[in-house]
Every structure is written in structure tokens, then in C-alpha cells.
Amino acid sequence: MSYKLTTIREIIGSVLCSFAKDNKNIFVIDSDLAKSTTTNKFQNEYPDRFIQTGISEQNALSVASGLAMEGLTPFYVNFAIFISGTCWTQLRQACYANLNIKLIATHPGMDNGYDGSTHHANEDIALMRVLPNMKILIPSNHKEFIEAVKMAISIDGPVYIRTARDVVPDIEYSESIRIGKLNIIKDIGNDFALIFEGTCADLAIQSFEELNRSGKKGKLINIFSIKPIDELKIIEISKIVPQIITLENHSIIGGLGSTVSEILCSIKNHAPVIRIGVNDIFTESGKSSLVKEKYGLSIANIVSKVK
């Protein structure tokens, strides 16, 4: 399959502007990273609805909570490491009150390569998934991101949207996305099921095609909605294939692989789950593609695990 590569980060500001045009309740909050997250586009177009808190993430989350309590729809946009970790206590309180806050997290996993482990958000899914009332959406392309923002606005409560800083395929899948449902992108056999979260879309597609060339025919499955997740379909697939591979730009502890494993541990007969992601270690600084390869996110590693 030939496709162009793009980044979701580059459209965040323009997408928020498009929704804010007809929705006066939408506000955007930034912590001194508007250029990096492209919310400077929103700042230029709607300065009265853009709030700059500076490098004070906990205050930013508190501002978002206050806006939500006044009936507005705040989008707090920041690097994943800061949204999920730095202001976790404030976020937990917001979830306790089921406040209508929306979080867009950029630079997840090892996407912020050169800044090293202090900026690598390899724990954000785990931190968000454990919070009651929180919904987690992980778009894998531009269309899915637009749909994720649309869904977030329609949901009354906290929503976490995990968006890739690294490249993703500029393609649209045939199946429509729905919250709580997985998408089977390709289904050419039952040798394996490769289940990925959106920020790993390019690697997942390349690995699937390499497996196909080597004679392994399986299923390629996109998890757009990780909380809620499609438990029934995952159980159904686990009874068809002899092995499940989960692929995530995240720690193997608490993320996609853990979620799938937790679902399957409740039933007797299912395929074993092989989790590909970061092991229990702090990752290093470097070009994101090379850092990911070092910590197991590579075509060679995925193919070897399946074989």
C-alpha cells in the first residue's frame, strides 16, 4: 500500500477553529506551547477565547475545570507528559466531578525524541485509563482526529485525545469510527491479529504488509477508542487467531497490551497476547524513529514475534 505520511499535530489549531466558528462555548488553554501544538492558529483567530497560562500546567487544568463549571467547553492542549503527569491530581478531581473538560495530548510516547525520558510520555494511557469517567480516543489519521474532536464536544464529561507528533499515514479506512468500537482495517487470514493504537499506525501497516509478504495472513486492527474499548469483539477475535500482537508507543504496563490482557484474563480459552511497546525502563534521547526502534517498535521485532 502506498500512502503519504503526515502529522496530526499540524491540524490541531485549524480543526479547533473550525468547530469554534459555530460554537461560542469552545475555549482553548495553552501552557506556553501554542506554536508546538499549533493552537497559535486558534489564538490568532479567537484571541478572546484563548487563555495562556504559561508554564503552569496545574493552574491550566484548574482554569479548564472552572470554565467547565460555568457551562463552557474548554480544550486544554499540551504535550502528553504534562497533561497526564504534571497536573494529574487536578485532573483526578475534575474526573471525580465529571467536569466537561477536553484534553488534546501531543508528543505521546517517544514522539518527543530528542528531549529524552523527561518528555517521553510512555505512561499517559495508563494514567488516563485508571480515572473513572475519563474517555480515551487515539486517532490514527486526520479524519479520525476531526471525528475525535467532534465526539469530545458531544460527550458530557472528560475526554483525552492522544495525537501523534510523529508521522501517520494520510489514508482513510473504509469502516467508520465509533466510540467503544474497534476497526478491522485488513482481514486476509487467521494466522495472527495485530492490534495497534493510533500513534503506531504507520509501523503497524508496514509490519502487516511485511508479514503478508512472508506468507503470514492475519488481521490488522485499529483501536481508536481505548476507553471504552470493544471488549466483545476482542474476545471474539481471541478465539479465532492463535496469537494476538498488541503494538503501542507506550509502556507495555498499563497501556493497550494491558487493556487487551485484562479483557482476556476473564475467559478460559483465548489466544496468547504478545505485547510490543516499551519495557519497564526509561527511554533515551535521540531521533524518535531510532529511539522507537531501540525499544522494540520496529518491523523486524514485530515480524519475529509473529513468526
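Quick caveat, the model's predicted, so the values are computed rather than measured.
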Could you check if a side-chain atom of [X] sits within less than 4.5 angstrom of a side-chain atom of [Y], using non-hydrogen atoms only?
X	Y	result
I205	L220	yes
H142	T6	yes
L91	I101	yes
I235	L264	yes
L16	V77	yes
I244	S238	yes
V303	N301	no
R162	M128	no

Assess whether a salt bridge exists between [X] and [Y], defined as any Lys/Arg side-chain N lying under 4.0 Å from an Asp/Glu carboxylate O.
X	Y	answer
E262	R129	yes
D191	K217	no
K292	D166	yes

- Message: With a 6.0 Å cut-off (strictly less than), is the heavy-atom count around CG of L290, excluding the residue itself, greater than 12?
- Response: yes
- Message: Is it the case that atom CD1 in I155 sees more than 12 heavy atoms from other parts of the structure closer than 6.0 Å?
- Response: yes
What pair of heavy atoms forms the shortest contact from [X] to [Y], and how long is it?
X	Y	result
G255	T259	O-OG1, 2.7 Å
I229	I226	CB-O, 3.4 Å
A193	I221	CB-CD1, 4.1 Å

- ring-ring contact (aromatic ring centres under 6.0 Å, His included) partners of residues 174-206, not counting sequence neighbours, each pair once: F192-F208
- Can you list every ring-ring contact (aromatic ring centres under 6.0 Å, His included) pair that touches residues 93-124, not counting sequence neighbours? F79-H107, F82-H119
- Do we see a donor-acceptor contact under 3.5 Å between the side chains of D170 and N141?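 N141 and D170 do not have a side-chain donor-acceptor pair below 3.5 Å.
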- Message: Within the 3.5 Å criterion, strictly below it, is a donor on N222 or E197 matched to an acceptor on the partner's side chain?
- Response: no
- Query: Got a donor-acceptor contact below 3.5 angstrom from the Q58 side chain to the T86 backbone?
  - Reply: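 The answer is yes, because a donor-acceptor pair under 3.5 Å joins these two groups.
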- Side-chain donor/acceptor of R275 to backbone N/O of I252, under 3.5 Å: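 At least one qualifying donor-acceptor pair exists.
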